[in-house]
Amino acid sequence: MELHEVSGFLSDTLDGALQEARAQSMGTRCDQYLFSVSLNPPETEKVDISVFEQAISRIEERMHLQDQPRVIVFHEKEGRRHAHCVWSRIDTKEMKAVNLPFYKNRLMEISREIHLEQGWKLPAGLIERGQSNPLNFTRAQWEHAKRLDGDPRLIKAALKECWVVSDSQKAFESALEQRGYTLAKGDRRGFVAVDWRGEVYSLSKWLDVKTKALKERLGDPAQLPTVTDTIAKTDKRLMERMRSFTAEIRQNSRVRLEPLLEQKSRMKTRRRDERQTLADTQKQRWQQESADRQARLNKGIRGLWDRLIGQHSRTKNQNEREAWQALLRDRQQRESLVKRPA
């Protein structure tokens, strides 16, 4: 283990610097007063110290830790070097801790950038989902993939990784397919890769490999399908996939709709029965009230007497008013039933 740098502290030792950072934090409410990062290059790579320093400077810039006291330690284990950098989060001028929002995402972004710049193989955790084969997507993943824009650095890294892990045409085609590419014969460029969008990538350009080396591993490009045929085949597969998604959506809609249709049918039957019951009740009541009103009109000698003294006319007017009021009442009841929530 080697103490590479102590900067921003009064002490020039590791223990003294950490004790000093703790003392500075005592004047604040910050409990996590240190920010520590481990820089671990791929096991197969021999990395210069300047690469570590550039990475640390980039972290400082993204995390707003410029001019903050820091300690850098190099550690070698079984011939492999990695580094640890620890910053004090305490801003002594403001006497408060530097805020570190979304630091995991920012560190992941920096790590991806460094791997691409150095030409290192990207670990699985750093490869973006956009490099997966959309023909193997679920419907939700497909909708997500349509919104993605390709990063040229990631495309190149994906193609190079397919080349590195394969030793034959069959293996290379299989690796490309896993990433959503198809090996094809270019019009003028020999071997090409065609992605699921129909974009064409010259392998000699994107892999930085000469045509002779490509032919040694992949054979004669004339035996491969043309770009036009490849795009047509890919479009056909995409259409089949989209049709399956459409069928899935319709099936799911039917499944979700069935209980609603059953509920609607039950509600319709209930409302029809309620209206029929109200209609029967109102009819019986109308018949009974009509009979009662008719009974008020005397017949025979008494009825003749009522006509002579005007009682018949008054009773008839009363019956008409009550009949009109009964008609309005029944109409209001039917309207209330119609407007009543289901």
Side-chain angles (χ1 to χ4, degrees), residues 1-131 144 147-149 151-154 157:
M1 187 175 69
E2 174 189 356
L3 180 60
H4 178 69
E5 176 186 307
V6 177
S7 62
F9 293 101
L10 296 176
S11 175
D12 57 358
T13 66
L14 176 60
D15 183 70
L18 297 179
Q19 291 294 336
E20 187 175 332
R22 181 177 182 277
Q24 292 173 349
S25 71
M26 299 297 288
T28 69
R29 296 181 180 180
C30 180
D31 294 327
Q32 298 179 344
Y33 55 91
L34 297 176
F35 180 67
S36 176
V37 173
S38 296
L39 292 91
N40 295 294
E43 296 180 359
T44 57
E45 302 296 335
K46 299 295 183 180
V47 182
D48 190 82
I49 290 178
S50 62
V51 177
F52 286 99
E53 292 176 335
Q54 291 171 10
I56 291 172
S57 297
R58 191 173 302 184
I59 293 172
E60 283 187 343
E61 180 181 356
R62 302 282 179 88
M63 306 304 297
H64 304 293
L65 291 170
Q66 301 97 322
D67 300 326
Q68 287 298 114
R70 73 184 185 191
V71 175
I72 302 175
V73 175
F74 281 102
H75 184 210
E76 291 186 13
K77 184 177 182 180
E78 298 178 355
R80 176 170 173 262
R81 171 191 281 171
H82 58 278
H84 303 276
C85 186
V86 180
W87 288 267
S88 169
R89 292 182 56 202
I90 306 303
D91 183 350
T92 54
K93 295 181 179 179
E94 301 288 339
M95 286 309 295
K96 63 180 182 181
V98 175
N99 191 25
L100 302 174
F102 309 111
Y103 71 92
K104 290 185 178 180
N105 293 339
R106 293 178 178 176
L107 291 177
M108 185 75 73
E109 179 182 357
I110 294 172
S111 181
R112 185 184 297 113
E113 291 174 357
I114 294 174
H115 275 75
L116 293 173
E117 291 170 359
Q118 297 298 321
W120 299 336
K121 178 181 177 180
L122 282 171
L126 295 180
I127 298 176
E128 294 185 349
R129 295 180 182 178
Q131 296 304 312
H144 183 204
R147 299 191 294 269
L148 293 176
D149 293 324
D151 185 332
R153 297 174 302 172
L154 292 177

Should we count CG of Asp67 as having more than 12 external heavy atoms under 6.0 Å? no
Counting C-beta onward and ignoring hydrogens, is there a side-chain heavy-atom pair between Phe35 and Leu65 closer than 4.5 Å? yes
Evaluate the side-chain proximity of Phe9 to Leu18: yes if any heavy-atom separation is below 4.5 Å, no if none is. no
Heavy-atom distance under 4.5 Å between the side chains of Arg89 and Cys30, does that happen here? yes
Those residues at least two apart in sequence (or on a different chain) that pass salt bridge (charged side-chain N to carboxylate O under 4.0 Å, His left out) with Glu117 are Arg58
Step by step, work out the side chain to side chain contact (heavy atoms under 4.5 Å, CB included) result for Ser11 and Gln19. CA-CA 9 Å; Ser11 175; Gln19 291 294 336; over 6 Å; no
Quick check: closest heavy atoms across Gln68 and Ile90, and the distance to 0.1 Å? NE2-O, 3.0 Å
With heavy-atom distances below 4.5 Å as the criterion, would you say the side chains of Ile49 and Phe74 are in contact? yes
For Glu61 and Gln66 the tightest heavy-atom approach is CA-NE2, 3.5 Å
Run the side chain to side chain contact (heavy atoms under 4.5 Å, CB included) test on Val71 and Leu3 for me, step by step, so that the C-alpha distance in whole Å, both residues' side-chain angles and the decisive distance to 0.1 Å come before the verdict. CA-CA 8 Å; Val71 175; Leu3 180 60; 3.7 Å; yes
Side chains of Arg112 and Leu116, heavy atoms from C-beta outward: is any pair under 4.5 Å? yes
Measure the shortest side-chain to side-chain distance between Thr28 and Met95 over non-hydrogen atoms and say whether it is less than 4.5 angstrom. yes
Rounded to the nearest 0.5 Å, the CG atom of Leu107 sits from the CG atom of Leu39 at a distance of 9.0 Å
How many angstroms lie between atom CZ of Arg62 and atom NE2 of His64, to the nearest 0.5 angstrom? 10.5 Å
How many angstroms lie between atom CD of Glu60 and atom CD1 of Ile56, to the nearest 0.5 angstrom? 7.5 Å
If only atom types and distance count, is the side chain of Ser57 paired as donor or acceptor with the main-chain N or O of Glu53 below 3.5 Å? yes
Less than 4.5 Å apart, side chain to side chain, heavy atoms only: is that true for Ile59 and Trp87? yes
Sequence-distant partners of Arg106, salt bridge (charged side-chain N to carboxylate O under 4.0 Å, His left out), two or more places apart: none
Rounded to the nearest 0.5 Å, what separation is found between the CE atom of Met1 and the CG atom of Leu14? 6.5 Å
Distance-only polar pair, side chains of Asn40 and Ser38, donor-acceptor under 3.5 Å: no
Do Tyr103 and Met63 come close enough that some side-chain heavy atom pair is under 4.5 Å? yes
Note: Leu34 and Ala21 closest approach over all heavy atoms is CD2-CB, 3.7 Å
With sequence neighbours excluded, give me every salt bridge (Lys or Arg N to Asp or Glu O under 4.0 Å) pair touching residues 1-22. Glu5-Arg70
Arg81 and Val47 have their tightest heavy-atom pair at NH1-O, 3.8 Å
For Trp120 and Thr44: C-alpha separation, side-chain torsions, deciding distance, then whether side chain to side chain contact (heavy atoms under 4.5 Å, CB included) applies. CA-CA 9 Å; Trp120 299 336; Thr44 57; over 6 Å; no
